[in-house]
**Student:** 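Below is the structure I would like to discuss, written out as structure tokens.
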Amino acid sequence: MNTTLIRGILVGGLAGLLFGFDTAVIAGTTQGLTQAFNLDPAALGWTVSSALWGTLAGALLAGRPGDAFGARSCLRVIALMYIVSGIGCLLAPNLGVLIASRVLGGIAIGASSVLAPTYLAEIAPAKNRGALVGVFQLNIVFGILVAYLSNYLVGTFDLGDMEWRVKFGVTVVPSLVLWALLYTIPNSPRWLATKGKVDDARTVLSQIGVANPDAELGQYVAKHSQHLGQKAKLSWKVYAKPMLLAISIATFNQLSGINAILYYLNDIFAAAGFEKVSADLQSVIIGSTNLLFTFLALTIIDRVGRKTLLLIGSVGLTISLAATAYIQLTGTHQSYLLWMLILFIASFAFSQGAVIWVYISEIFPTEVRSRGQGLGSSTHWFVDAVIATAFPLVAAYSSGLPFVFFAAAMLVQFFVVWKFFPETKGVALEDMEKSIGH
């Protein structure tokens with residue numbers, strides 16, 4: 001670990017902060033948006049999920065430019081999209097402009113979820129790849145916490161009708177920082193090698209502290225030569241196993257209800273009788289728990305393994321979601337709601353949260369890694385958009401019913417992971433194809 005590698009990891013991971021901030025900031029604006037634009041539950045659901053459909057588009061479209069131009073160069077464009085989105089939300093004269101700005105921010109989030117983990121996986125050493133790619137997830141949850149804290153602080157200034165605008169506009173500051181820092185890191189050496197830029201790849205390998213750049217480069221080139229021609233495309237015939245794994249982990253990630261709960265966290269607390277400032281403050285507690293348990297998971301992910309973390313988390317998620325469903329359905333024991341949501345977020349952060357982007361970034365060969373990451377990310381965001389759109393409608397009918405569904409899904413996840421998911425810890429990316437049997 002030298003300064004160039006550390007800088008690459010931190011800057012690549014910083015894209016996760018924008019991802020997390022832009023994902024969670026909406027939680028503190030739902031009431032302001034409802035009042036400003038007279039939104040009913042259905043219209044609110046579509047307004048919140050509008051960014052997610054942009055996110056889905058970003059995840060679907062980012063793979064090809066990522067493979068063609070490299071993750072680093074594409075991330076520079078993504079940072080600019082975050083800046084424009086933040087300014088658009090701050091100054092939006094009507095709901096249409098606001099939604100368009102949120103969609104643009106969503107495209108940036110979706111593309112980030114593809115390209116940042118790809119970049120990190122390709123520069124990280126195999127022995128601690130889980131922790132280093134996990135920096136992206138750590139930044140996501142830090143961004144979520146920053147969003148909750150920002151919403152709380154902005155809410156204390158009594159800005160009236162401007163409050164929701166300022167909450168959105170804050171995102172411009174970290175976006176500018178990310179854009180500037182992306183000019184201080186190198187391209188991925190694996191990507192350079194696949195593009196025939198062998199000398200450049202050798203230089204970057206030396207910069208990031210690889211002891212024997214020529215030997216490492218030889219592995220890249222040899223593996224790439226095996227995949228020329230017939231394996232240039234991401235196809236079911238060739239990559240069925242990693243594609244199914246990517247789709248499965250991404251689907252279960254959202255069937256936990258994590259993003260729906262983060263988007264509507266203030267509304268969930270409000271439904272249980274908490275006032276606005278109290279809901280904002282409890283959101284900060286939830287965000288802090290998310291950060292703490294993500295950090296704990298990343299300290300052991302390369303020793304315990306990805307699969308074990310997923311299994312442990314499935315148990316905690318099932319218990320906490322079932323208990324939350326009981327509280328909401330019966331209208332009793334509301335004092336335990338915060339504790340159950342803390343258990344939920346801790347279980348998620350310790351398992352799915354820490355594992356998903358690491359796992360998807362590992363299981364595809366370099367030639368199709370961005371597109372494979374795009375498949376997993378787009379699945380994640382499609383399921384997210386559907387759930388976020390439906391959540392306020394179902395919750396308006398029964399506040400506990402969504403949590404019954406989420407709990408059942410996590411019970412199913414336990415058995416699917418136990419039966420079908422291979423372990424990937426400590427396996428070099430060039431050996432992953434043989435390791436997982438595709």
**Student:** For the residue pair Val133 and Ser361, what are the closest heavy atoms and their distance?
**Tutor:**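 The answer is CG1-OG, 3.8 Å.
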**Student:** Would one find more than 12 heavy atoms of other residues, nucleotides or ligands at under 6.0 Å from atom CZ of Arg64?
**Tutor:**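 At most 12 heavy atoms, drawn from other residues, nucleotides or ligands, come within 6.0 Å of this atom.
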**Student:** Check Arg102 against Cys89 and note the closest heavy-atom contact, atom names and distance.
**Tutor:**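 Result for this residue pair: CD-SG, 3.7 Å.
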**Student:** Would you mind checking if Asp67 and Arg369 are paired as a salt bridge, meaning a charged N to carboxylate O distance below 4.0 Å?
**Tutor:**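 Looking at Asp67 together with Arg369, the answer is no, because their closest N to O distance does not fall below 4.0 Å.
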**Student:** For Leu298 and Ile301, which heavy atoms make the closest approach, and how far apart are they?
**Tutor:**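 For Leu298 and Ile301, the tightest heavy-atom pair comes out as O-CG2, 3.7 Å.
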**Student:** Any chance you could lay out the side-chain contact (heavy atoms from CB on, under 4.5 Å) test for Trp164 and Leu159, step after step, and finish with the verdict?
**Tutor:** CA-CA 9 Å; Trp164 64 268; Leu159 298 176; over 6 Å; no
**Student:** Under 3.5 Å, is there a donor-acceptor pair between the side chain of Asn290 and the main chain of Ile286?
**Tutor:** no
**Student:** Return the set of residues passing ring-ring contact (aromatic ring centres under 6.0 Å, His included) with Phe391 (not counting sequence neighbours), or none when no residue passes.
**Tutor:** Tyr264
**Student:** Measuring only between side-chain heavy atoms, which start at C-beta, is Phe136 closer than 4.5 Å to Ile140?
**Tutor:** yes
**Student:** Can any side-chain N or O of Ser50 pair as donor or acceptor with the backbone N or O of Thr47 at less than 3.5 Å?
**Tutor:**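 Checked: pair present.
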**Student:** Does the Ser398 side chain pair with the main chain of Val394, one donor and one acceptor, at a distance under 3.5 Å?
**Tutor:** no
**Student:** Thr389 versus Trp53: any side-chain heavy-atom pair under 4.5 Å?
**Tutor:** yes
**Student:** Looking only at non-hydrogen atoms, find the nearest pair between Val114 and Gln373 and report the distance.
**Tutor:**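 So the two residues come closest at O-CG, 3.0 Å.
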**Student:** For Leu182 and Ile78, run side-chain contact (heavy atoms from CB on, under 4.5 Å): C-alpha distance rounded to whole Å, both residues' side-chain angles, the deciding distance at 0.1 Å, then the answer.
**Tutor:** CA-CA 11 Å; Leu182 279 165; Ile78 290 167; over 6 Å; no
**Student:** Quick check: do Pro125 and Leu132 have side-chain heavy atoms less than 4.5 Å from each other?
**Tutor:**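 They are in side-chain contact.
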**Student:** Given the side-chain rings of Phe37 and Trp46, with only the six-membered ring counted for Trp, is the space between their centroids under 6.0 Å?
**Tutor:**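 Not under 6.0 Å, so no.
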**Student:** Work out which heavy atom in Val358 is nearest to a heavy atom in Gly134; give both atom names and the distance.
**Tutor:**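 Heavy atoms of Val358 and Gly134 come nearest at CG2-N, 3.7 Å.
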**Student:** Does the side chain of Val170 come within less than 4.5 Å of Val146's, by heavy atoms?
**Tutor:** no
**Student:** About how many Å separate CZ of Arg76 and CG of Leu178, when rounded to the nearest 0.5 Å?
**Tutor:**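 The CZ atom of Arg76 is 11.0 Å from CG of Leu178, to the nearest 0.5 Å.
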**Student:** Any non-hydrogen side-chain atom of Ser370 less than 4.5 Å from a side-chain atom of Leu115?
**Tutor:** yes
**Student:** Quick one about Ser314 and Gln413 (side-chain donor to acceptor, distance below 3.5 Å, no hydrogens or angles considered), yes or no?
**Tutor:** yes
**Student:** Any donor and acceptor pair, going by atom type alone, linking the side chain of Asp302 with main-chain N or O of Ala131 inside 3.5 Å?
**Tutor:** yes
**Student:** Roughly how far, to the nearest 0.5 Å, is the CZ atom of Arg72 from the OG1 atom of Thr184?
**Tutor:**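 It is 9.5 Å, given to the nearest 0.5 Å.
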**Student:** Test your reading of the model: is there a side-chain donor-acceptor pair from Gln254 to the backbone of His380, 3.5 Å cut-off?
**Tutor:** no
**Student:** Just so I know, are the side chains of Val368 and Val238 near enough to count as touching, which here means a heavy-atom distance under 4.5 Å?
**Tutor:** no
**Student:** What is the distance from atom CG of Leu17 to atom CG of Asp22, rounded to the nearest 0.5 Å?
**Tutor:** 10.5 Å
**Student:** Verify, without hydrogens or angle tests, whether Arg190 (side chain) and Glu122 (backbone) share a donor-acceptor contact under 3.5 angstrom.
**Tutor:** yes
**Student:** Flag yes if more than 12 heavy atoms outside Phe382 fall under 6.0 Å of its CZ atom; otherwise flag no.
**Tutor:**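 Not more than 12 within 6.0 Å, no.
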**Student:** One pair to check against side-chain contact (heavy atoms from CB on, under 4.5 Å): Leu329 and Val404. What are the steps and the verdict?
**Tutor:** CA-CA 10 Å; Leu329 287 171; Val404 174; 4.0 Å; yes
**Student:** Can you confirm whether more than 12 heavy atoms, excluding those of Phe157, are under 6.0 Å from its CZ atom?
**Tutor:**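 Not buried by this count: 12 neighbours or fewer within 6.0 Å.
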**Student:** Tell me, yes or no, whether the heavy-atom count around Phe414 atom CZ, taken from other residues, nucleotides or ligands under 6.0 Å, exceeds 12.
**Tutor:** yes
**Student:** Glu367 versus Thr194: any side-chain heavy-atom pair under 4.5 Å?
**Tutor:** yes
**Student:** Is the shortest heavy-atom distance from the side chain of Phe21 to the side chain of Ser150 under 4.5 Å?
**Tutor:** yes
**Student:** Determine yes or no for a side-chain-to-main-chain donor-acceptor pair under 3.5 angstrom, with Asn151 supplying the side chain and Val25 the backbone.
**Tutor:** yes
**Student:** Could you tell me how the ring of Phe406 sits relative to the ring of Phe403: parallel (under 30°), tilted (30 to 60°) or perpendicular (over 60°)?
**Tutor:** perpendicular
**Student:** Just say parallel, tilted or perpendicular for the rings of Phe350 and Phe293, cut-offs at 30° and 60°.
**Tutor:**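 Perpendicular, since the angle between the ring planes exceeds 60°.
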**Student:** Main chain of Ser347, side chain of Gln352: is a donor-acceptor contact present, judged purely on distance under 3.5 Å?
**Tutor:** no
**Student:** Would you say CG of Asn94 has more than 12 non-hydrogen atoms from neighbouring residues, nucleotides or ligands within 6.0 angstrom?
**Tutor:**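 Yes.
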**Student:** Where the side chain of Thr55 meets the backbone of Gly106, is there a donor-acceptor pair that is under 3.5 Å apart?
**Tutor:** yes
**Student:** Starting from the C-alpha separation in whole Å, work towards a yes-or-no answer on side-chain contact (heavy atoms from CB on, under 4.5 Å) for Phe168 and Leu90.
**Tutor:** CA-CA 6 Å; Phe168 280 129; Leu90 175 65; 5.9 Å; no
**Student:** Nearest heavy-atom pair of Phe19 and Ser113: which atoms, and what distance?
**Tutor:** CE1-CB, 3.5 Å
**Student:** In Å and rounded to the nearest 0.5 Å, what is the CG to CD1 distance from Asn253 to Ile356?
**Tutor:** 3.5 Å
**Student:** Rounded to the nearest 0.5 Å, what separates atom CD1 in Ile83 from atom CG in Leu176?
**Tutor:**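 One gets 4.0 Å once the value is rounded to the nearest 0.5 Å.
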**Student:** State whether the side chain of Gln137 and the backbone N or O of Ala354 hold a donor-acceptor pair below 3.5 Å, judged by distance alone.
**Tutor:** no
